[in-house]
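What you see is a predicted model; the values in this text were computed from it and never measured.
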Amino acid sequence: MKYFTKEVKIGIAGIIALAILYFGISFLKGISFSPSHNYYITFKNAKGLAASSPVYADGYQIGIVRNINYNFNEPGKVTVEISVDDDVRVPVGSTATLAEGMLGGCTLNMTLGTNPKEVIAAGDTIIGSENDGLLSKAAEMLPQVSTVIEHVDSLITTLNQVVSDPNIGKVIGNAEHITANLDNGTRQLNSLLKNELPQMMRTFDDAGKNISALTSNIAQLDMQQTLNQVNQTIQNVQDLINWIEDPNGNVGLLLKDTAIYQNLNTTISSANKLLIDLQAHPKRYVHFSIFGKKDK
């Protein structure tokens, strides 16, 4: 007895094919058959977000977009239903952001809150926001880029004028001459550093050695003996001055006795008169005769 007829086999095969087709389409759409939680997010603009788009948190896919509904009664309000894996907890304070891609399309990114103790219940609404994306930022930068292009165009025009100037050859020639002078100066400096500098350093080294030797000789002197000799010399000079200033001494009497001064002055004056008279009448004082007779 046959348990399955040909028709039954065909029916079972059709059911299996439909199941495989369903699961295959669901897999291609990103639908997960594991347990999950659904949440709702409200945006003003869906930015081309499509159903079955992945939902990311910190770059990791945590779910998919299940459905997108536009509220015709409240224009500017789009409700997005997402399905998040069952093991993912969405803390209170989490937000969702739509970000446009460079080549089109839109990505839904979740920014999870930092309080894991308080979570958003399944079926509740998460705060949503729109990110302008790179294309919007590029559009904002277009005026600045246009200004930069104008400056670049002006710079190129100026450079063309400078290059076409007939004096540019002279400038280049002067630059080459300056470069040659700098090269010559560099060679001279290298020669100085190689030849003259070592000799100068040796001279400085010899001078340093002489100064060190002089310092050593000074350190070896008996400074106390030298100071004692200086003090003795000063004392001798002081004794000489005291001896001269002593009113009872000969020098003191000579310097301070006016009578001696007057007598000495008178003696000098008399001697001076005698010398004058001797010069005027030498025969009075000197007698000389060949025959030994004395003049009368």
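- Atom CG of residue Asn67 and atom CG of residue Asn38 lie 10.0 Å apart, to the nearest 0.5 angstrom.
- Considering SG of Cys106 and CG of Leu98, their distance stands at 4.5 Å, rounded to 0.5 Å.
- Of all the heavy atoms in Leu112 and Ser94, the pair that sits closest is CA-OG, 3.3 Å.
- Counting heavy atoms from C-beta on, the side chains of Leu108 and Val65 come closer than 4.5 Å.
- With a 4.5 Å cut-off on side-chain heavy atoms, Asp183 and Thr179 do not count as touching.
- Using a 4.5 Å heavy-atom threshold, the side chains of Met110 and Val55 count as touching.
- Partner of Ser270 under the side-chain contact (heavy atoms from CB on, under 4.5 Å) criterion, out of Asn272, Thr266, Thr267: Thr266 alone.
- Contact annotation: the side chain of His37 approaches that of Asp86 to within less than 4.5 Å [non-hydrogen atoms, C-beta and beyond].
- The shortest side-chain heavy-atom distance between Lys77 and Thr42 falls under the 4.5 Å cut-off.
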| task | Go through Asn236 and Gln232 one step at a time and tell me if the side chain to side chain donor-acceptor pair (under 3.5 Å) criterion holds. | result | CA-CA 6 Å; Asn236 293 336; Gln232 184 62 39; 3.3 Å; yes
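- Residues Ile126 and Asp124 fail the side-chain proximity criterion, which asks for heavy atoms closer than 4.5 Å.
- Ile120 is listed as a side-chain neighbour of Tyr39, based on a closest heavy-atom distance under 4.5 Å.
- The side-chain heavy atoms of Ile62 and Val84, taken from C-beta on, include a pair separated by under 4.5 Å.
- Minimum interatomic distance between Pro91 and Gly113 (heavy atoms only, all atoms of both residues): CG-O, 3.6 Å.
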